[in-house]
Amino acid sequence: MFYAEELNFRAPLQAHPNPSSNWSEKALTKLKAPNIMKIDVPNKPLDFMTCTFKRSKINKFLGSENKDTFFSNTDRTRVVHEILASTTYGKRKRAEVGIDRLLEEDIFQAAYPLHDGPDVIPPNVQDEDLNKRQVLKKYWARWGVWYKYQPLDHIREYFGEKIGIYFAWLGFYTGWLLPASIIGVLVFLYGVATMFSYEPARQICESGGDFLMCPLCDEAIGCTFWNISDICLQAQITYLFDNPGTVFYAVFMSFWAVSFLEYWKRKQASLAHHWDVMDFEEEEERPRPQFAARAPMMEKNAITGITEPYFPEDTRKRRWLTGIGVLCGMVVLVLIFMLGVILYRVLISIPLSKNDLLRPNAQSIASMTGACVNLVLIMALGQVYQRLAGILNDWEMHRTQTEYEDNLTFKVFVFQFMNFFSSIFYIAFFKGKFVGYPGNYVYIFGLRNEDCANGGCLVELAQQLVVIMIGKQMINNCQEVAVPKLKQFIQRWKMRGGADKGDVSRWEEDYELVENEGLFEEYLEMIIQFGFITVFVAAFPLAPLFALLNNWIEIRLDGAKYISEVRRSVADRAQDIGVWYDILEFIAQMAVISNAFLIAFTSEFLPRQMYKYQYEWDLHGYIDFQLAHSPNNSGLSKPCRYKDFRDDEGNLTKFYYQLLAVRLGFVILFEHFVFGVGRLIDFAVPDVPESLEVKIKREAYMAKQALQEVQAPQKF
């Protein structure tokens, strides 16, 4: 009981049925529609009105007469872990304290709570008689229930609030992807339905030999002239990703991201109250065992007054700056590899352009194969840097686990964001912008700077997103299936020596499972995905659909991993998703700016609109208007056309500068409008629902009344 009070446990005062529900269940109930997602899980935990546990008032708490069941198994594991983590086994002055230090020094091989029995579901047993692990496996961690609600209260009861809040966030995020996916599919279908009536594409397809285009590379190395009618199919496909619907969808997804984050804060607050962690705050953290083992000196803690390991702050800052320098070096390496992929695309497109059959698709083929090469490099560099970041983080000597995790999160996210998105940013905002014009082309390493593919940079951007996003999801899912099973096989082989030793104890069975490595990788994967579906959604409206399909698989994969493949972790408490929420907000704000520039400078939306208003509403003659004539001194063997707003001397036209002003104005208007409406949503949607605020105050009052003691007046 001492540790229960020391760890600020919450104890029940009154029980009532668990009222937990979600918005979709309420909506379907009001519509009187069947709800195939609903699932009745046995042994649902009760909901309690609670307050902070105090030994002096033990008799006031519900169930206090039964000492064996008053504290749950997860509470008991927390107490045991606290005892093991704080017990001195040697000299305290040397920080020889706790099981984590013993693990660090290889005195013990592992320390973990045991699972509640086997995960195999026995035949002819009532569901109510299954252990908690078996209940979760049957009703959550298997493919057959992929479309059902997650039993969040059962997950929290078994794994603790930290893992429970992750699965709650993942389920909430996946649910919000559904409307985004539906709208994205409708926008894509609108493009399909109107593709063949798109006037500029019709002009390209019917142009025949009217528009002779300049060679895609220098004539001196064998590239030839071509007709714009050769890219008829690419022009039609371009419209699928560059139509008025994609502009609407970019605005919609900007509001979607803001609303998702605001409503998650409400959901998070409701869960924190429901799970009794709303006022949870970490007490003064003990030094990490790795820090304690390597710290060069001891010093008194100003807060606790206890002498503990110390590392000079100046030295730590210098090491941190060195780590930032390494991070910058790795980002430069990413850019070098990106330059290598650019050169690959340029070189591979040259022989393809010489082939009459492949010439119309030369740049598309080069772009697609380049994206595959880029994906391989991204995944390889990501693995290398994550290991390097761990080494750097250990070397920097962060005192507490929170400091360690926050610094690791910062390093890995910054690198992975640059790793995954640098090539996409290049295609979206830089490729084709610095090519030059016939007679005055820009060269890099003796090769002409690459231009956008025949269909335009937006189609190439969509190709890049498809390959990197979907390829990454497929690779990650394969790893999540194969790697734990392989590690489990190796662990079992080491322990049993390849022979079946018959019945083994519970702790031996759990030792054969894979070590629990926490939630860092799970969050990072979803954060990168959130970037894909928001930052460049204007170029690929189907991105939320692929994210939704992946997450349906991800939830069950992660569930099966935690139930059957990894050791049970200590049931840590948490009231939110921590620093990951700040990263999500950063990505949501970046998405607004990125989509504004994407529509303004990469899409053909604004040039088409200006041509409509200034020249021809039906876009007749638009293709001829946007194709410039090669200058007389271009050095080409015959006159040709190229895509740009220039006159016959190669100078930018008045229309170009008018368009530039409109583009900049659109960016300012778009981001001010979206950010302004976002602030209104933030103001209109309180972080804590009003009904929850009343409930919290009511429960605090009732708890105070229940624990109130009448004290006799003292005589002086």
Can you say whether the rings of [X] and [Y] are parallel (under 30°), tilted (30 to 60°) or perpendicular (over 60°)?
X	Y	result
Tyr190	Tyr239	tilted
Tyr249	Phe252	parallel
Phe673	Phe255	perpendicular
Phe586	Phe413	perpendicular
Tyr173	Phe260	tilted
Phe429	Phe597	perpendicular
Phe417	Phe425	tilted
Phe167	Tyr562	perpendicular

**OP:** Check whether the side chains of Glu554 and Gln473 place a donor and an acceptor atom closer than 3.5 Å, and report yes or no.
**Re:**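 No donor-acceptor contact under 3.5 Å links the two side chains.
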
Original post:
Between Asn243 and Tyr198, does any side-chain donor sit less than 3.5 Å from a side-chain acceptor?
Top reply: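 Asn243 vs Tyr198: no donor-acceptor pair found between side chains.
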
Original post:
When you look at Phe172 and Leu271, which way does the side-chain contact (heavy atoms from CB on, under 4.5 Å) test go after all the steps?
Top reply: CA-CA 12 Å; Phe172 187 83; Leu271 283 173; over 6 Å; no

Original post:
Tell me, do Ile587 and Ile583 make a side-chain contact under 4.5 Å, heavy atoms counted?
Top reply: yes

**OP:** Using the ring of Phe601 (Phe, Tyr or Trp, six-membered ring only), decide whether Lys433 places NZ or CZ under 6.0 Å from its centre and within 45 degrees of its axis.
**Re:**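 No; the conditions do not both hold, so Lys433 does not lie above the ring face of Phe601.
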
Original post:
To the nearest 0.5 Å, how far apart are OG1 in Thr238 and CD1 in Ile204?
Top reply: 8.0 Å

